[in-house]
J.: 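First the structure, then my questions, so here it is.
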Amino acid sequence: MPSRPTTCQPESLSILFLGSSPSLSISFHQIRHRDPPPTRRFADQSPAMASTSAAACPWDALPEHLQERILSLLPLTALIPVAAVSRSLRRILRSPAFHALLSQHRLDAFFLLSPRLAFHPLSRRPLPVPLPDSSWSSPPLVSCASPSLIVTVASLLRLPPLPDRSYLIAVIVPRSFSSSRRDYSLVAVTTGADVRSYTINSADPSPQWVPRGELPLPFALLGNAAVASDRARLFVLGRGPDALLVLDLVTSEWMAPPVVMPHGLTTAHLFVLDDRLFLLGGVEIFGVLERIVVWQLDNNEEAVGGWLEVARMPMEMFDELVAGRHGSFWHFQAADRMGTVCLYNALDGRLVMFDAVDCAWTAMPQVSGLDPEESRRWFGHVVEPGVELLLGQR
């Protein structure tokens, strides 16, 4: 996680979701490109040696396929200034060969704080999000991991109504998800004593909700869901009682592996990174939130196992997140994308990021001027831009 703003400073972000339109369009405006800081030399390297080293491997001398591969490793949002100032690089960035190398980059994620504001960890700043589509007037129902897909009330209008007493817990997109083919599956569960599940595939010519198996235990509610990297399993957090649930997306069978959940768990959030399952949550003692911990499942196959603590939020950042509300502020919100987790205190506009790749915590600038009720309904959804940015499409 970067500790300071980067040279890419987007000023405005515009997103239109597929709710009533099948397109996802994101644009930036007024992007400032600053000169990079001077390169830091090794202590034993003279200026002459540094100049010789730089001249030994000029960028233009590299084969184009190596340039494409190097650039494909950078965040898409960091490439926008490059496309604006260099004609030769702009040609590479807009070539089909380069687009074939692109994949979703974890630092491109925008965490939606409200219908009008998003937070971009790479630039460490909130950005306005003008959303002209009327479907955004109500909060999103559910969102998925990369590639981005957010389901709104408007996007459900062309599908059959949800089964009686049911609500959505997950949207699952195939690996081949693209702007031209937006097939996805939805998972819904019912409320009550006998909890049943349903799925629907938007790719079916006449999509229908298909009944699936019953959950192995009754639960007061279900928490967030995390899709396994192979798209074959859905991990779901059961609350009241606390339990880890697994839905086999191939057989449609539910399982409750014998995993002991952490004691005093509150405000928990599941996320997946590189086929590993993580649990981030607060720990309460006598009803007071005392700390925030990250656990990893020591065996995410269906075998006897438990949660191993892998990180704990530093106390100074914990104090920053709860904003002095130790006795009354018990809950925070969380959202994740590709190993980056955003923890959000909507009451005070406090954000703390956890980078599961480097196991690092970062306190972000406080966000002001937000409606806490609106933010509580909206937060938890994440989007990333696509190659439309480099192509100059709107």
Side-chain angles (χ1 to χ4, degrees), residues 9-20 24-30 109-144 148-156 167-169 171 221 223-224 266-269 280-282 289 292 317-337 340-354 362-385:
Q9 297 289 339
E11 290 293 333
S12 176
L13 171 70
S14 175
I15 304 174
L16 177 64
F17 174 61
L18 58 87
S20 57
L24 171 65
S25 176
I26 307 178
S27 61
F28 291 88
H29 305 287
Q30 303 176 9
F110 288 84
F111 294 84
L112 299 177
L113 303 179
S114 77
R116 293 174 294 277
L117 197 68
F119 191 85
H120 186 209
L122 180 60
S123 58
R124 294 174 56 89
R125 61 188 300 186
L127 302 172
V129 185
L131 295 169
D133 190 353
S134 60
S135 67
W136 290 94
S137 59
S138 60
L141 299 177
V142 67
S143 62
C144 71
S148 294
L149 182 65
I150 298 178
V151 175
T152 65
V153 173
S155 61
L156 292 178
Y167 59 99
L168 292 176
I169 62 168
V171 54
L221 55 90
N224 81 297
T266 183
T267 321
H269 182 83
L280 184 150
L289 184 65
I292 295 175
M317 292 189 186
F318 176 79
D319 293 337
E320 170 74 16
L321 180 65
V322 302
R325 300 173 182 265
H326 292 272
S328 58
F329 177 69
W330 295 349
H331 303 286
F332 55 88
Q333 296 167 279
D336 72 274
R337 191 52 46 95
T340 300
V341 187
C342 181
L343 289 77
Y344 181 43
N345 170 356
L347 293 175
D348 298 282
R350 306 298 179 92
L351 299 110
V352 172
M353 310 298 296
F354 175 68
T362 305
M364 292 294 175
Q366 184 178 1
V367 181
S368 60
L370 285 177
D371 183 325
E373 290 300 322
E374 185 178 66
S375 294
R376 275 197 288 262
R377 294 194 306 269
W378 264 83
F379 186 76
H381 306 283
V382 192
V383 294
E384 307 104 356

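Everything numeric in this text was worked out from a predicted model, so none of it was measured.
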J.: Looking at F119 and R124, what are the two nearest heavy atoms and their distance?
T.: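 Heavy atoms of F119 and R124 come nearest at CZ-C, 3.7 Å.
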J.: Between CG of L351 and CG of L321, what distance do you get to the nearest 0.5 Å?
T.: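 Rounded to the nearest 0.5 Å, the CG-CG separation comes to 8.5 Å.
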J.: If you compare all heavy atoms of L347 against all heavy atoms of R376, which two are closest, and at what distance to 0.1 Å?
T.: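 Scanning both residues completely, I find the closest heavy atoms to be CD2-NH1, 2.9 Å.
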J.: Does the ring centre of Y344 sit less than 6.0 Å away from the ring centre of F379?
T.: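 Centroid distance F379-Y344: below 6.0 Å, so yes.
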J.: Roughly how far, to the nearest 0.5 Å, is the OG atom of S114 from the CD atom of E373?
T.: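 Between atom CD of E373 and atom OG of S114 there are 13.5 Å.
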J.: Quick one: OG1 on T362 to CE on M317, what's the gap to the nearest 0.5 Å?
T.: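 T362 atom OG1 to M317 atom CE measures 5.5 Å (nearest 0.5 Å).
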J.: Where do W378 and L370 land on the side chain to side chain contact (heavy atoms under 4.5 Å, CB included) test, with the steps shown first?
T.: CA-CA 11 Å; W378 264 83; L370 285 177; over 6 Å; no
J.: How far apart are the C-alpha atoms of T152 and L141, what are their side-chain angles, what is the distance that settles it, and do they pass the side chain to side chain contact (heavy atoms under 4.5 Å, CB included) test?
T.: CA-CA 5 Å; T152 65; L141 299 177; over 6 Å; no
J.: Quick one: CG on D371 to CG on L117, what's the gap to the nearest 0.5 Å?
T.: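 One gets 12.5 Å once the value is rounded to the nearest 0.5 Å.
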J.: Residues in side chain to side chain contact (heavy atoms under 4.5 Å, CB included) with V142, at least two apart?
T.: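 Side chain to side chain contact (heavy atoms under 4.5 Å, CB included) list for V142, sorted by chain: V151, L168, V171.
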J.: Decide yes or no on side chain to side chain contact (heavy atoms under 4.5 Å, CB included) for L112 and V382, but give the supporting numbers first.
T.: CA-CA 6 Å; L112 299 177; V382 192; over 6 Å; no
J.: Atom OG1 in T267, atom CD1 in I292: separation rounded to 0.5 Å?
T.: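 With rounding to 0.5 Å, OG1 (T267) is 8.0 Å from CD1 (I292).
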J.: What's the separation between atom CD in E320 and atom CG in N345, rounded to the nearest 0.5 Å?
T.: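 So the CD of E320 and the CG of N345 are separated by 9.5 Å.
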J.: Please name all residues satisfying side chain to side chain contact (heavy atoms under 4.5 Å, CB included) with Q366, sequence neighbours left out, ordered by chain then number.
T.: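 Here the qualifying residues are R350.
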J.: Minimum heavy-atom separation for P115 to E374, with atom names?
T.: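 P115 and E374 have their closest heavy atoms at CD-CD, 3.5 Å.
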J.: Using the side chain to side chain contact (heavy atoms under 4.5 Å, CB included) rule, take S143 and L149 through it: C-alpha gap first, then chi angles, then the decisive distance, then the call.
T.: CA-CA 6 Å; S143 62; L149 182 65; over 6 Å; no
